[in-house]
Amino acid sequence: MTISVNNIHFSYGPRKALNDVSFKLQTGGFHALLGPNGAGKSTLFALLTRLYQLQEGEITIDGQSIKTKPAELMQRLGVVFQQSTLDLDLTVKQNLLYHASLHGISSKAAAPRIEAELSRMDMAERVNEKVRGLNGGHRRRVEIARALLHKPDILLLDEPTVGLDPQTRRSLNQHVRQLCEDDNLTVLWATHLMEEIIPEDPVILLHKGKIKVDSSAQALLEMAATDNLTEAFHLLTESEKQEGK
Amino acid sequence: MNLAAGWHCFKGILSREFLRFVQQRSRFLSALIRPLLWLIVFAAGFRAALGISIIDPYDTYITYETYIAPGLCCMILLFNGMQSSLSMVYDREMGSMRVLLMSPLPRPYLLMCKMVATALISLTQVYAFLAIALLVDVDPPLFGYLNVLPALLVVALLLSSLGLFLSTQIKQLENFAGVMNFVIFPMFFLSSALYPLWKMQEASEWLYWICMFNPFTHAVELVRYALYLQLNEKALLITIATTAFFTIMAVIGFNPQKSAKK
(Lines give C-alpha, C1' and ligand atoms only; values in the text may rest on other atoms or scores of the structure.)
Protein backbone atom coordinates (compact mmCIF):
# COMPACT_ATOMS: atom_id res chain seq x y z
CA MET A 1 0.00 0.00 0.00
CA THR A 2 1.46 3.36 -1.04
CA ILE A 3 0.15 6.86 -0.64
CA SER A 4 1.30 9.44 -3.19
CA VAL A 5 0.96 13.18 -3.05
CA ASN A 6 1.44 14.67 -6.50
CA ASN A 7 2.05 18.33 -7.35
CA ILE A 8 -0.22 19.82 -4.72
CA HIS A 9 -0.81 23.56 -4.61
CA PHE A 10 -3.03 25.20 -2.02
CA SER A 11 -3.77 28.86 -1.27
CA TYR A 12 -5.74 30.74 1.37
CA GLY A 13 -6.85 33.60 -0.83
CA PRO A 14 -3.71 35.26 -2.13
CA ARG A 15 -1.45 33.47 0.39
CA LYS A 16 0.12 30.31 -0.95
CA ALA A 17 0.29 27.63 1.74
CA LEU A 18 1.54 24.71 -0.36
CA ASN A 19 3.54 25.03 -3.55
CA ASP A 20 4.05 22.02 -5.79
CA VAL A 21 4.29 19.45 -3.00
CA SER A 22 4.95 15.84 -4.04
CA PHE A 23 6.09 12.81 -2.05
CA LYS A 24 5.36 9.14 -1.56
CA LEU A 25 4.90 7.13 1.65
CA GLN A 26 6.07 3.53 1.71
CA THR A 27 4.13 0.74 3.39
CA GLY A 28 4.98 0.05 7.00
CA GLY A 29 7.33 2.99 7.33
CA PHE A 30 7.57 5.67 10.00
CA HIS A 31 7.82 8.88 7.97
CA ALA A 32 8.60 12.17 9.58
CA LEU A 33 7.06 15.32 8.20
CA LEU A 34 9.24 18.14 9.43
CA GLY A 35 8.76 21.84 9.20
CA PRO A 36 8.70 24.94 11.37
CA ASN A 37 5.38 26.53 12.37
CA GLY A 38 3.55 27.83 9.33
CA ALA A 39 5.42 25.53 6.94
CA GLY A 40 2.14 24.05 5.67
CA LYS A 41 2.06 20.77 7.65
CA SER A 42 -1.45 21.22 9.00
CA THR A 43 -2.74 22.32 5.59
CA LEU A 44 -1.23 19.18 4.10
CA PHE A 45 -2.96 17.10 6.79
CA ALA A 46 -6.26 18.82 6.09
CA LEU A 47 -5.89 17.91 2.42
CA LEU A 48 -4.90 14.32 3.16
CA THR A 49 -7.94 13.93 5.41
CA ARG A 50 -10.28 15.71 2.97
CA LEU A 51 -11.10 18.43 5.46
CA TYR A 52 -10.02 20.80 2.70
CA GLN A 53 -10.72 20.20 -0.95
CA LEU A 54 -7.78 19.85 -3.29
CA GLN A 55 -7.28 22.95 -5.40
CA GLU A 56 -4.54 21.58 -7.62
CA GLY A 57 -2.69 18.28 -7.81
CA GLU A 58 -3.69 14.83 -6.69
CA ILE A 59 -3.44 12.39 -3.78
CA THR A 60 -3.60 8.69 -4.58
CA ILE A 61 -3.69 5.49 -2.56
CA ASP A 62 -2.40 2.49 -4.45
CA GLY A 63 -2.75 4.55 -7.61
CA GLN A 64 -6.39 5.46 -6.97
CA SER A 65 -7.32 9.12 -6.56
CA ILE A 66 -8.95 10.07 -3.26
CA LYS A 67 -11.40 12.17 -5.26
CA THR A 68 -12.92 9.08 -6.84
CA LYS A 69 -13.34 6.93 -3.74
CA PRO A 70 -13.21 9.21 -0.70
CA ALA A 71 -15.08 6.77 1.57
CA GLU A 72 -12.50 4.09 0.90
CA LEU A 73 -9.73 6.50 1.84
CA MET A 74 -11.41 7.39 5.12
CA GLN A 75 -11.69 3.72 6.01
CA ARG A 76 -7.98 3.26 5.48
CA LEU A 77 -6.93 6.37 7.30
CA GLY A 78 -6.48 6.92 11.04
CA VAL A 79 -5.82 10.47 12.15
CA VAL A 80 -4.60 12.17 15.30
CA PHE A 81 -5.02 15.91 14.97
CA GLN A 82 -2.82 18.52 16.58
CA GLN A 83 -5.79 19.82 18.55
CA SER A 84 -7.48 17.25 20.78
CA THR A 85 -10.81 16.13 19.36
CA LEU A 86 -12.04 14.06 22.29
CA ASP A 87 -15.31 14.91 23.98
CA LEU A 88 -14.18 15.85 27.47
CA ASP A 89 -17.50 15.10 29.17
CA LEU A 90 -17.76 11.58 27.81
CA THR A 91 -15.82 8.59 29.10
CA VAL A 92 -12.94 7.04 27.17
CA LYS A 93 -15.20 4.20 26.11
CA GLN A 94 -18.03 6.49 25.02
CA ASN A 95 -15.61 8.50 22.89
CA LEU A 96 -14.29 5.35 21.25
CA LEU A 97 -17.76 3.90 20.69
CA TYR A 98 -18.79 7.15 19.01
CA HIS A 99 -15.83 6.95 16.65
CA ALA A 100 -16.56 3.30 15.88
CA SER A 101 -20.19 4.09 15.10
CA LEU A 102 -19.12 6.84 12.69
CA HIS A 103 -17.21 4.15 10.84
CA GLY A 104 -20.31 1.96 10.76
CA ILE A 105 -19.02 -0.46 13.41
CA SER A 106 -21.62 -1.80 15.87
CA SER A 107 -20.98 -1.34 19.59
CA LYS A 108 -20.82 -5.13 19.97
CA ALA A 109 -18.07 -5.42 17.36
CA ALA A 110 -16.31 -2.33 18.72
CA ALA A 111 -16.09 -3.54 22.34
CA PRO A 112 -13.24 -6.09 21.85
CA ARG A 113 -11.37 -3.70 19.56
CA ILE A 114 -11.61 -0.94 22.17
CA GLU A 115 -10.27 -3.29 24.81
CA ALA A 116 -7.41 -4.43 22.56
CA GLU A 117 -6.36 -0.94 21.44
CA LEU A 118 -6.55 0.54 24.92
CA SER A 119 -4.53 -2.37 26.32
CA ARG A 120 -1.90 -1.77 23.67
CA MET A 121 -1.73 1.86 24.80
CA ASP A 122 -1.67 0.81 28.49
CA MET A 123 -4.98 2.59 28.99
CA ALA A 124 -7.37 -0.35 29.50
CA GLU A 125 -7.98 0.40 33.16
CA ARG A 126 -9.05 3.99 32.34
CA VAL A 127 -11.83 2.92 29.99
CA ASN A 128 -14.71 4.19 32.14
CA GLU A 129 -13.07 7.44 33.19
CA LYS A 130 -14.17 10.76 31.79
CA VAL A 131 -11.63 12.24 29.38
CA ARG A 132 -11.66 15.50 31.36
CA GLY A 133 -9.88 13.65 34.19
CA LEU A 134 -7.01 12.37 32.02
CA ASN A 135 -3.69 14.16 31.60
CA GLY A 136 -2.41 15.31 28.20
CA GLY A 137 -0.33 12.20 27.55
CA HIS A 138 -3.17 9.85 28.37
CA ARG A 139 -5.56 11.80 26.18
CA ARG A 140 -3.12 11.44 23.31
CA ARG A 141 -2.94 7.68 23.88
CA VAL A 142 -6.72 7.51 23.78
CA GLU A 143 -6.67 9.45 20.51
CA ILE A 144 -4.17 7.04 18.99
CA ALA A 145 -6.24 4.07 20.17
CA ARG A 146 -9.28 5.72 18.65
CA ALA A 147 -7.50 6.35 15.35
CA LEU A 148 -6.65 2.63 15.13
CA LEU A 149 -10.10 1.34 16.04
CA HIS A 150 -11.28 0.87 12.46
CA LYS A 151 -8.00 -0.87 11.57
CA PRO A 152 -6.55 1.66 9.13
CA ASP A 153 -3.45 1.05 6.96
CA ILE A 154 -2.21 4.60 7.34
CA LEU A 155 -1.88 6.64 10.51
CA LEU A 156 -1.46 10.41 10.26
CA LEU A 157 -0.35 12.29 13.36
CA ASP A 158 -0.18 16.07 13.30
CA GLU A 159 2.28 17.18 15.99
CA PRO A 160 0.82 14.67 18.44
CA THR A 161 3.30 15.46 21.21
CA VAL A 162 2.73 19.20 21.44
CA GLY A 163 2.47 20.26 25.06
CA LEU A 164 3.66 16.95 26.49
CA ASP A 165 6.65 16.38 28.76
CA PRO A 166 9.80 14.73 27.27
CA GLN A 167 9.16 11.29 28.82
CA THR A 168 5.58 11.14 27.53
CA ARG A 169 6.77 12.36 24.11
CA ARG A 170 9.36 9.60 23.90
CA SER A 171 6.95 6.93 25.07
CA LEU A 172 4.28 7.94 22.52
CA ASN A 173 6.85 8.04 19.76
CA GLN A 174 8.03 4.54 20.66
CA HIS A 175 4.47 3.26 20.79
CA VAL A 176 3.79 4.47 17.27
CA ARG A 177 7.08 3.04 15.95
CA GLN A 178 6.08 -0.27 17.49
CA LEU A 179 2.76 -0.08 15.62
CA CYS A 180 4.65 0.20 12.33
CA GLU A 181 6.52 -2.99 13.18
CA ASP A 182 3.58 -4.94 14.61
CA ASP A 183 0.87 -3.99 12.12
CA ASN A 184 2.88 -2.89 9.09
CA LEU A 185 1.20 0.46 9.58
CA THR A 186 2.29 3.39 7.40
CA VAL A 187 2.82 6.42 9.60
CA LEU A 188 3.20 10.09 8.77
CA TRP A 189 4.32 11.90 11.91
CA ALA A 190 4.40 15.69 11.65
CA THR A 191 6.69 17.45 14.07
CA HIS A 192 9.23 20.17 14.55
CA LEU A 193 10.89 18.38 17.45
CA MET A 194 14.04 16.68 16.16
CA GLU A 195 14.46 14.37 19.15
CA GLU A 196 11.46 12.44 17.78
CA ILE A 197 13.42 11.47 14.66
CA ILE A 198 16.12 8.84 14.23
CA PRO A 199 18.68 8.96 11.38
CA GLU A 200 17.11 5.98 9.55
CA ASP A 201 13.69 7.62 9.29
CA PRO A 202 12.43 8.72 5.88
CA VAL A 203 12.03 12.48 6.23
CA ILE A 204 10.05 15.10 4.34
CA LEU A 205 11.11 18.63 5.21
CA LEU A 206 8.45 21.19 4.39
CA HIS A 207 9.37 24.83 4.51
CA LYS A 208 7.31 27.82 3.38
CA GLY A 209 4.94 25.48 1.60
CA LYS A 210 7.62 23.73 -0.45
CA ILE A 211 9.37 20.39 -0.07
CA LYS A 212 12.94 21.16 0.83
CA VAL A 213 14.13 17.62 1.53
CA ASP A 214 12.51 14.28 0.69
CA SER A 215 15.02 11.72 1.82
CA SER A 216 16.25 10.20 5.07
CA ALA A 217 17.19 11.94 8.30
CA GLN A 218 20.75 10.83 7.56
CA ALA A 219 20.68 12.67 4.22
CA LEU A 220 19.36 15.74 6.05
CA LEU A 221 22.44 15.65 8.26
CA GLU A 222 24.72 15.32 5.26
CA MET A 223 23.02 18.14 3.45
CA ALA A 224 23.47 20.47 6.41
CA ALA A 225 27.00 19.15 7.03
CA THR A 226 26.38 18.47 10.70
CA ASP A 227 25.80 15.45 12.93
CA ASN A 228 23.01 17.01 14.94
CA LEU A 229 19.44 16.82 13.60
CA THR A 230 18.23 19.88 15.48
CA GLU A 231 21.11 21.90 14.08
CA ALA A 232 20.48 20.51 10.60
CA PHE A 233 16.82 21.50 10.84
CA HIS A 234 17.74 25.02 11.93
CA LEU A 235 20.42 25.38 9.29
CA LEU A 236 18.16 24.25 6.47
CA THR A 237 15.19 26.36 7.49
CA GLU A 238 17.32 29.37 8.51
CA SER A 239 19.27 29.44 5.23
CA GLU A 240 15.95 29.57 3.41
CA LYS A 241 14.97 32.56 5.52
CA GLN A 242 18.19 34.30 4.62
CA GLU A 243 17.76 33.50 0.93
CA GLY A 244 14.32 35.02 1.11
CA LYS A 245 15.64 38.30 2.54
CA MET B 1 -23.66 3.13 1.68
CA ASN B 2 -24.07 -0.09 3.64
CA LEU B 3 -27.42 -0.05 5.52
CA ALA B 4 -26.05 -1.68 8.68
CA ALA B 5 -23.17 0.80 8.78
CA GLY B 6 -25.65 3.65 8.35
CA TRP B 7 -27.76 2.33 11.23
CA HIS B 8 -24.77 1.95 13.58
CA CYS B 9 -23.69 5.46 12.67
CA PHE B 10 -27.14 6.88 13.44
CA LYS B 11 -27.25 5.02 16.76
CA GLY B 12 -23.80 6.38 17.66
CA ILE B 13 -24.74 9.98 16.87
CA LEU B 14 -28.06 9.66 18.72
CA SER B 15 -26.42 8.12 21.75
CA ARG B 16 -23.75 10.85 21.87
CA GLU B 17 -26.41 13.58 21.65
CA PHE B 18 -28.40 11.83 24.35
CA LEU B 19 -25.39 11.45 26.65
CA ARG B 20 -24.50 15.11 26.23
CA PHE B 21 -28.10 16.08 26.90
CA VAL B 22 -28.33 13.94 30.04
CA GLN B 23 -25.08 15.39 31.35
CA GLN B 24 -26.33 18.91 30.84
CA ARG B 25 -29.27 18.75 33.23
CA SER B 26 -29.46 22.53 33.36
CA ARG B 27 -30.15 22.46 29.62
CA PHE B 28 -33.15 20.19 30.19
CA LEU B 29 -34.44 22.37 33.02
CA SER B 30 -34.03 25.63 31.13
CA ALA B 31 -35.70 24.10 28.11
CA LEU B 32 -38.70 23.39 30.35
CA ILE B 33 -38.67 26.45 32.56
CA ARG B 34 -38.71 28.89 29.66
CA PRO B 35 -42.05 27.75 28.17
CA LEU B 36 -43.51 27.09 31.62
CA LEU B 37 -42.85 30.70 32.59
CA TRP B 38 -44.73 31.79 29.51
CA LEU B 39 -47.53 29.37 30.21
CA ILE B 40 -47.97 30.12 33.88
CA VAL B 41 -46.80 33.71 34.35
CA PHE B 42 -47.18 35.42 31.00
CA ALA B 43 -50.48 33.73 30.20
CA ALA B 44 -51.92 34.67 33.61
CA GLY B 45 -51.06 38.32 33.03
CA PHE B 46 -52.25 38.52 29.47
CA ARG B 47 -55.29 36.29 29.67
CA ALA B 48 -57.65 39.23 30.12
CA ALA B 49 -56.01 41.46 27.53
CA LEU B 50 -56.05 38.84 24.82
CA GLY B 51 -59.53 37.40 24.59
CA ILE B 52 -59.68 34.46 22.21
CA SER B 53 -62.77 33.87 20.10
CA ILE B 54 -63.70 30.49 18.72
CA ILE B 55 -61.14 29.71 16.04
CA ASP B 56 -60.05 26.57 14.23
CA PRO B 57 -59.11 23.92 15.27
CA TYR B 58 -60.92 24.57 18.58
CA ASP B 59 -64.67 24.00 18.67
CA THR B 60 -65.32 26.09 21.74
CA TYR B 61 -63.95 29.07 23.65
CA ILE B 62 -60.52 28.26 24.99
CA THR B 63 -58.29 29.68 27.66
CA TYR B 64 -55.24 31.66 26.66
CA GLU B 65 -53.08 28.91 28.15
CA THR B 66 -54.66 26.41 25.78
CA TYR B 67 -54.03 28.74 22.85
CA ILE B 68 -50.34 29.30 23.51
CA ALA B 69 -49.45 25.70 24.47
CA PRO B 70 -48.72 24.54 20.85
CA GLY B 71 -46.63 27.67 20.28
CA LEU B 72 -44.67 26.93 23.42
CA CYS B 73 -44.08 23.33 22.26
CA CYS B 74 -42.59 24.85 19.10
CA MET B 75 -40.60 27.28 21.23
CA ILE B 76 -38.89 24.31 22.90
CA LEU B 77 -38.07 22.91 19.47
CA LEU B 78 -36.84 26.32 18.27
CA PHE B 79 -34.48 26.76 21.22
CA ASN B 80 -33.23 23.19 20.88
CA GLY B 81 -32.55 23.69 17.18
CA MET B 82 -30.52 26.78 18.00
CA GLN B 83 -28.78 24.98 20.87
CA SER B 84 -27.76 22.30 18.40
CA SER B 85 -26.49 24.98 16.04
CA LEU B 86 -24.46 26.47 18.90
CA SER B 87 -22.95 23.08 19.72
CA MET B 88 -22.00 22.58 16.05
CA VAL B 89 -20.20 25.93 16.02
CA TYR B 90 -18.54 25.02 19.33
CA ASP B 91 -17.49 21.58 17.99
CA ARG B 92 -16.06 23.24 14.91
CA GLU B 93 -14.07 25.75 16.96
CA MET B 94 -12.86 23.10 19.40
CA GLY B 95 -11.93 20.70 16.61
CA SER B 96 -14.23 17.83 17.59
CA MET B 97 -16.22 18.37 14.38
CA ARG B 98 -13.28 16.70 12.63
CA VAL B 99 -14.21 13.37 14.19
CA LEU B 100 -17.55 13.56 12.43
CA LEU B 101 -16.00 14.69 9.16
CA MET B 102 -13.52 11.80 9.18
CA SER B 103 -16.36 9.29 8.87
CA PRO B 104 -16.37 7.36 5.60
CA LEU B 105 -20.15 7.72 5.43
CA PRO B 106 -21.57 10.45 3.18
CA ARG B 107 -21.59 13.87 4.82
CA PRO B 108 -25.24 14.64 3.92
CA TYR B 109 -26.17 11.41 5.72
CA LEU B 110 -24.14 12.40 8.79
CA LEU B 111 -25.93 15.73 8.85
CA MET B 112 -29.29 14.04 8.58
CA CYS B 113 -28.39 11.78 11.51
CA LYS B 114 -27.41 14.81 13.55
CA MET B 115 -30.69 16.54 12.68
CA VAL B 116 -32.86 13.55 13.53
CA ALA B 117 -30.96 12.97 16.78
CA THR B 118 -31.50 16.59 17.82
CA ALA B 119 -35.16 16.33 16.86
CA LEU B 120 -35.77 13.16 18.88
CA ILE B 121 -34.16 14.62 21.98
CA SER B 122 -36.27 17.75 21.63
CA LEU B 123 -39.44 15.66 21.54
CA THR B 124 -38.83 14.26 25.02
CA GLN B 125 -38.79 17.83 26.33
CA VAL B 126 -41.99 18.73 24.52
CA TYR B 127 -43.81 15.79 26.08
CA ALA B 128 -42.46 16.68 29.52
CA PHE B 129 -43.81 20.19 28.96
CA LEU B 130 -47.22 18.90 27.83
CA ALA B 131 -47.41 16.71 30.93
CA ILE B 132 -46.79 19.71 33.20
CA ALA B 133 -49.20 21.83 31.14
CA LEU B 134 -52.00 19.49 32.23
CA LEU B 135 -51.70 21.15 35.65
CA VAL B 136 -52.89 24.46 34.17
CA ASP B 137 -55.78 22.79 32.39
CA VAL B 138 -54.20 22.48 28.97
CA ASP B 139 -55.84 19.15 28.22
CA PRO B 140 -56.05 18.28 24.54
CA PRO B 141 -57.79 15.05 23.53
CA LEU B 142 -55.89 12.00 24.73
CA PHE B 143 -55.31 10.73 21.21
CA GLY B 144 -53.99 14.20 20.34
CA TYR B 145 -50.78 13.42 22.23
CA LEU B 146 -50.09 10.61 19.80
CA ASN B 147 -51.44 12.41 16.75
CA VAL B 148 -49.16 15.40 17.34
CA LEU B 149 -46.02 13.24 17.37
CA PRO B 150 -45.37 13.25 13.58
CA ALA B 151 -46.18 16.98 13.44
CA LEU B 152 -43.73 17.67 16.24
CA LEU B 153 -41.13 15.56 14.48
CA VAL B 154 -41.50 17.52 11.23
CA VAL B 155 -41.27 20.82 13.10
CA ALA B 156 -38.26 19.58 15.10
CA LEU B 157 -36.57 18.64 11.83
CA LEU B 158 -37.39 22.05 10.37
CA LEU B 159 -35.80 23.83 13.32
CA SER B 160 -32.78 21.57 13.56
CA SER B 161 -32.18 21.96 9.80
CA LEU B 162 -32.42 25.72 10.29
CA GLY B 163 -29.96 25.40 13.18
CA LEU B 164 -27.56 23.39 11.03
CA PHE B 165 -27.82 25.90 8.22
CA LEU B 166 -27.08 28.74 10.64
CA SER B 167 -24.07 26.86 12.02
CA THR B 168 -22.60 26.80 8.51
CA GLN B 169 -23.02 30.56 8.27
CA ILE B 170 -21.69 31.54 11.69
CA LYS B 171 -17.95 31.91 11.61
CA GLN B 172 -17.27 32.32 15.33
CA LEU B 173 -18.92 31.37 18.57
CA GLU B 174 -19.05 35.03 19.61
CA ASN B 175 -21.36 35.81 16.69
CA PHE B 176 -23.94 33.46 18.07
CA ALA B 177 -25.59 36.14 20.21
CA GLY B 178 -26.81 37.65 16.94
CA VAL B 179 -28.85 34.51 16.29
CA MET B 180 -30.85 35.28 19.40
CA ASN B 181 -31.75 38.76 18.20
CA PHE B 182 -32.11 38.12 14.51
CA VAL B 183 -33.55 34.61 14.40
CA ILE B 184 -35.11 33.31 17.61
CA PHE B 185 -36.98 36.41 18.79
CA PRO B 186 -38.32 37.54 15.39
CA MET B 187 -39.34 33.98 14.49
CA PHE B 188 -41.18 33.49 17.73
CA PHE B 189 -42.86 36.89 18.11
CA LEU B 190 -43.75 37.27 14.43
CA SER B 191 -45.80 34.10 14.46
CA SER B 192 -49.11 32.78 15.68
CA ALA B 193 -47.47 31.28 18.78
CA LEU B 194 -48.71 33.92 21.24
CA TYR B 195 -51.65 35.53 19.44
CA PRO B 196 -53.92 34.52 16.59
CA LEU B 197 -53.01 36.24 13.35
CA TRP B 198 -56.37 37.95 12.94
CA LYS B 199 -55.46 39.96 16.03
CA MET B 200 -52.18 40.87 14.44
CA GLN B 201 -54.00 41.87 11.25
CA GLU B 202 -56.24 44.21 13.23
CA ALA B 203 -53.15 45.94 14.59
CA SER B 204 -51.04 46.05 11.43
CA GLU B 205 -51.56 44.61 7.98
CA TRP B 206 -47.86 44.45 7.11
CA LEU B 207 -46.96 42.75 10.38
CA TYR B 208 -49.66 40.22 9.57
CA TRP B 209 -48.06 39.47 6.21
CA ILE B 210 -44.63 39.09 7.76
CA CYS B 211 -46.16 36.56 10.16
CA MET B 212 -47.74 34.73 7.25
CA PHE B 213 -44.37 34.42 5.53
CA ASN B 214 -42.72 33.17 8.72
CA PRO B 215 -42.38 29.37 8.48
CA PHE B 216 -42.59 29.20 12.27
CA THR B 217 -46.23 30.36 12.05
CA HIS B 218 -47.06 27.35 9.90
CA ALA B 219 -45.07 25.05 12.18
CA VAL B 220 -47.11 26.26 15.16
CA GLU B 221 -50.36 25.80 13.26
CA LEU B 222 -49.36 22.31 12.17
CA VAL B 223 -48.80 21.34 15.80
CA ARG B 224 -51.95 23.14 17.01
CA TYR B 225 -54.17 21.32 14.52
CA ALA B 226 -52.51 17.94 15.08
CA LEU B 227 -52.87 18.25 18.84
CA TYR B 228 -56.62 18.68 18.31
CA LEU B 229 -56.81 15.79 15.84
CA GLN B 230 -56.96 17.83 12.65
CA LEU B 231 -54.64 18.12 9.70
CA ASN B 232 -53.63 21.55 8.43
CA GLU B 233 -52.45 20.58 4.96
CA LYS B 234 -51.13 24.01 4.02
CA ALA B 235 -49.06 24.19 7.20
CA LEU B 236 -47.76 20.66 6.61
CA LEU B 237 -46.69 21.42 3.05
CA ILE B 238 -45.00 24.69 3.99
CA THR B 239 -43.21 23.06 6.94
CA ILE B 240 -41.97 20.13 4.85
CA ALA B 241 -40.87 22.41 1.99
CA THR B 242 -39.02 24.73 4.38
CA THR B 243 -37.36 21.76 6.07
CA ALA B 244 -36.19 20.46 2.69
CA PHE B 245 -34.92 23.93 1.77
CA PHE B 246 -32.87 24.40 4.95
CA THR B 247 -31.56 20.83 4.81
CA ILE B 248 -30.28 21.37 1.28
CA MET B 249 -28.79 24.74 2.24
CA ALA B 250 -27.09 23.14 5.27
CA VAL B 251 -25.62 20.34 3.15
CA ILE B 252 -24.36 22.85 0.57
CA GLY B 253 -22.98 25.15 3.25
CA PHE B 254 -21.30 22.27 5.03
CA ASN B 255 -18.46 21.80 2.59
CA PRO B 256 -15.15 20.61 3.97
CA GLN B 257 -13.29 23.83 3.42
CA LYS B 258 -15.84 25.97 5.22
CA SER B 259 -16.25 23.64 8.14
CA ALA B 260 -12.61 23.05 8.78
CA LYS B 261 -10.96 26.36 8.02
CA LYS B 262 -9.34 28.07 10.95
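None of the values given here were measured: they were computed from a predicted structure. To find a chain, count down the sequence lines: A is the first, B the second, and so on, and within it residues start at 1.
When each of B:L105, B:L101, B:L110 is checked for a side-chain contact (heavy atoms from CB on, under 4.5 Å) with A:L102, only B:L110 meets the rule.
With a threshold of 4.5 angstrom between heavy atoms, A:Q94 approaches chain B through side-chain atoms but not through N, CA, C or O. Both the backbone and the side chain of A:D89 come within contact range of chain B, each with at least one heavy atom under 4.5 Å from a heavy atom of that chain. With a 4.5 angstrom heavy-atom cutoff, A:L73 does not touch chain B via any of its atoms. Using a 4.5 Å cut-off between heavy atoms, A:K130 touches chain B through its side chain atoms alone.
The 12-atom threshold is not exceeded at CE of B:M112, counting heavy atoms of other residues, nucleotides or ligands nearer than 6.0 Å. Taking a 6.0 Å sphere around NZ of A:K24, one finds it holds 12 or fewer heavy atoms contributed by other residues, nucleotides or ligands. Around the CZ atom of B:F182, the shell of radius 6.0 Å holds no more than 12 heavy atoms that belong to other residues, nucleotides or ligands. Heavy-atom contacts from other residues, nucleotides or ligands closer than 6.0 Å to CD of A:E58 number more than 12.
Of all the listed residues (A:L97, A:N95, A:L90), the one sharing the greatest number of non-hydrogen pairs under 4.5 Å with chain B is A:L90. Chosen from A:D87, A:V79, A:L77, the residue pairing most often with chain B at heavy-atom distances under 4.5 Å is A:D87.
Within the model, atoms NE2 of A:H99 and CZ of B:R16 stand 13.0 Å from one another, a figure rounded to the nearest 0.5 Å.
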